[in-house]
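Some notes on the structure that comes next.
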Amino acid sequence: MKWIKIMTGIVAIAAGVTLAACGSSSKEVGKAPLDNIKEKGTLVVATSPDYAPFEFQTLVDGKNKIVGADILMAEKIAEKLGVRLEVSSMSFDNVLNSIQNGRADIAIAGLSVSEDRMKVFDFSEPYYHVQDILLVKKDVASNYSSLERLVDKKLAVQKGSTQEVYAKEHLKDTDIISLTQVGEAINELKSGQVDAVLLDSPVALGYVSQNKDLAIAEVSFPETDASTKAIVMPKDSGSLKEEIDKIVKELIETGEYEKYLKEVAKFTAVE
């Protein structure tokens, strides 16, 4: 089954991980974020399950479940904090909004660090480094040897992503098509509606491995702060950030996060 179209909406996930209703607030005004989480006994994590291998939906025993390296990390964080994990599933462009309006405590969704985001949110220590990659049809891959080849082409990006920001700022002569889901962008590429898709390297490589008609173009993009993935929290999260930073550092230093990536490789995203 190919990593093409990721189903939307809220789904049930396994092993005590439940979905948080997007309409309910997870934050009590006036309380420190960590105190609030421990008092209610739950950690509400916002995510967008359309970004394998970080977070995606798959069929397990005939049922849709949200899996991914980020989800395993969220489970570990909740365990370390001594609370229950609730996952709130939504479109990627709503993930950061859920932190601002208090509907989620933290966001783990393959989120990249950027200067603009750092003005509004706290970021954890980075847990993964990526680079932007241009995904194209295999039979025309040789046509995309430089950024100039994107002039007057249709380039798909995920709405709300750092790739969208980069493309709009630096690829002025390219027709930027912002889509809600990565799977939608891949469908548009395969059907010829767009010429290329700009996305993170692990995600792009995953699609190539599952789709023989797709390929990575030999064009380089500059490495920026957006090359790092981190957990997002409300601004001035204080002790919550300290605790999460400790957990993230441990997961990286012990190689646990890399193990998560290998563990989820056995799953195939649902169409």
Side-chain angles (χ1 to χ4, degrees), residues 2-6 48-56 68-70 91-93 95 109-117 126-230 261 265 268-269 271:
K2 301 177 180 178
W3 290 357
I4 299 177
K5 184 177 181 182
I6 308 299
S48 178
D50 63 345
Y51 220 53
F54 298 111
E55 44 273 318
F56 59 101
D70 283 359
S91 63
F92 185 77
D93 55 333
V95 169
L111 288 158
S112 299
V113 179
S114 72
E115 289 187 7
D116 287 340
R117 288 175 177 176
Y127 63 84
Y128 202 76
H129 295 268
V130 300
Q131 67 181 85
D132 286 343
I133 279 185
L134 190 68
L135 191 61
V136 297
K137 296 289 284 293
K138 188 174 183 178
D139 58 355
V140 296
S142 60
N143 295 341
Y144 296 91
S145 56
S146 67
L147 293 179
E148 287 72 24
R149 295 301 184 95
L150 287 172
V151 172
D152 295 329
K153 299 295 184 181
K154 292 183 178 180
L155 176 66
V157 292
Q158 186 174 31
K159 188 179 296 183
S161 68
T162 52
Q163 286 82 18
E164 180 186 44
V165 174
Y166 173 84
K168 288 183 175 180
E169 289 182 355
H170 300 284
L171 303 176
K172 301 290 187 181
D173 297 321
T174 303
D175 185 7
I176 309 302
I177 311 297
S178 298
L179 300 171
T180 302
Q181 294 187 343
V182 174
E184 184 181 3
I186 301 302
N187 280 335
E188 295 282 277
L189 175 61
K190 290 174 72 68
S191 65
Q193 300 302 305
V194 299
D195 300 294
V197 181
L198 183 61
L199 68 171
D200 289 332
S201 48
V203 181
L205 292 169
Y207 278 111
V208 168
S209 70
Q210 298 292 321
N211 295 271
K212 297 186 182 301
D213 58 335
L214 301 182
I216 303 299
E218 293 185 7
V219 55
S220 299
F221 293 88
E223 187 169 320
T224 65
D225 287 341
S227 301
T228 61
K229 298 297 182 185
L261 287 168
T268 301
E271 293 185 359

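A donor-acceptor pair is defined here as one N or O able to donate and one able to accept, closer than 3.5 Å; no such pair exists between the side chain of Gln158 and the backbone of Leu179. In terms of modelled atom types and a separation under 3.5 Å, the side chain of Asn143 and the main chain of Arg149 share no donor-acceptor contact. Checking side-chain atoms of Lys154 against main-chain N and O of Asp175 turns up no donor-acceptor pair under 3.5 Å. Formation of a donor-acceptor pair under 3.5 Å by the Thr174 side chain with backbone atoms of Leu150 is found in this model.
Using a 3.5 Å distance cut-off with no hydrogens or angles, the side chains of Asp50 and Ser48 do pair a donor with an acceptor.
Using a 4.5 Å cut-off on side-chain heavy atoms (C-beta onward), Asp70 and Tyr127 make contact. Counting heavy atoms from C-beta outward, Leu155 and Leu134 have side chains that approach closer than 4.5 Å. Using a 4.5 Å heavy-atom threshold, the side chains of Ser220 and Gln131 count as separate.
Rounding to the nearest 0.5 Å places NZ of Lys137 at 10.5 Å from CG of Asn211. With rounding to the nearest 0.5 Å, the separation of CG in Asp213 from NZ in Lys190 is 3.0 Å. Atom-to-atom distance recorded for Ser209:OG and Leu214:CG is 10.0 Å, nearest 0.5 angstrom. In this structure, the separation between CD1 on Ile133 and CG on Leu205 is 4.5 Å, given to the nearest 0.5 Å. From Glu164, atom CD reaches atom CG of Leu198 across 11.0 Å, with rounding to the nearest 0.5 Å. One distance of note links CD of Gln163 with OG of Ser112; it measures 6.0 Å at 0.5 Å rounding.
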* To do: Apply side-chain contact (heavy atoms from CB on, under 4.5 Å) to the pair Ile216 and Leu135, showing each step before the final yes or no.
  => CA-CA 5 Å; Ile216 303 299; Leu135 191 61; 3.8 Å; yes

* Start with the C-alpha gap between Ser91 and Asp93, add the side-chain angles, then the distance that decides, and say whether side-chain hydrogen bond (donor to acceptor under 3.5 Å, both in side chains) holds. => CA-CA 6 Å; Ser91 63; Asp93 55 333; 2.7 Å; yes

* Asked: Given Gln193 and Ile177, is the side-chain contact (heavy atoms from CB on, under 4.5 Å) satisfied, shown in steps?
  -> CA-CA 10 Å; Gln193 300 302 305; Ile177 311 297; over 6 Å; no

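Considering every non-hydrogen atom in both Val203 and Ala52, the closest pair reads CG2-O, 3.3 Å. The two atoms that bring Val136 and Ala196 nearest to each other are CG1-CB, 3.7 Å, heavy atoms only. Taking all atoms of both residues into account, the shortest heavy-atom contact from Pro53 to Leu261 is CG-CD2, 3.8 Å. Shown here for Pro126 and Ala230, the closest heavy-atom pair between the two residues is CA-CB, 4.3 Å. Considering all non-hydrogen atoms of both residues, Lys159 and Ser178 come closest at CE-O, 4.1 Å. Between Asp195 and Leu189, the shortest heavy-atom contact is O-CD1, 3.5 Å.
Every residue two or more places apart in sequence or in another chain was checked for a ring pair (Phe, Tyr, Trp, His ring centres under 6.0 Å) with Phe92, and none qualifies.
Looking at Asp200 and Lys229, a side-chain N of the basic residue comes within less than 4.0 Å of a carboxylate O on the acidic one, giving a salt bridge.
For residues 129-163, there are no ring pair (Phe, Tyr, Trp, His ring centres under 6.0 Å) pairs, not counting sequence neighbours.
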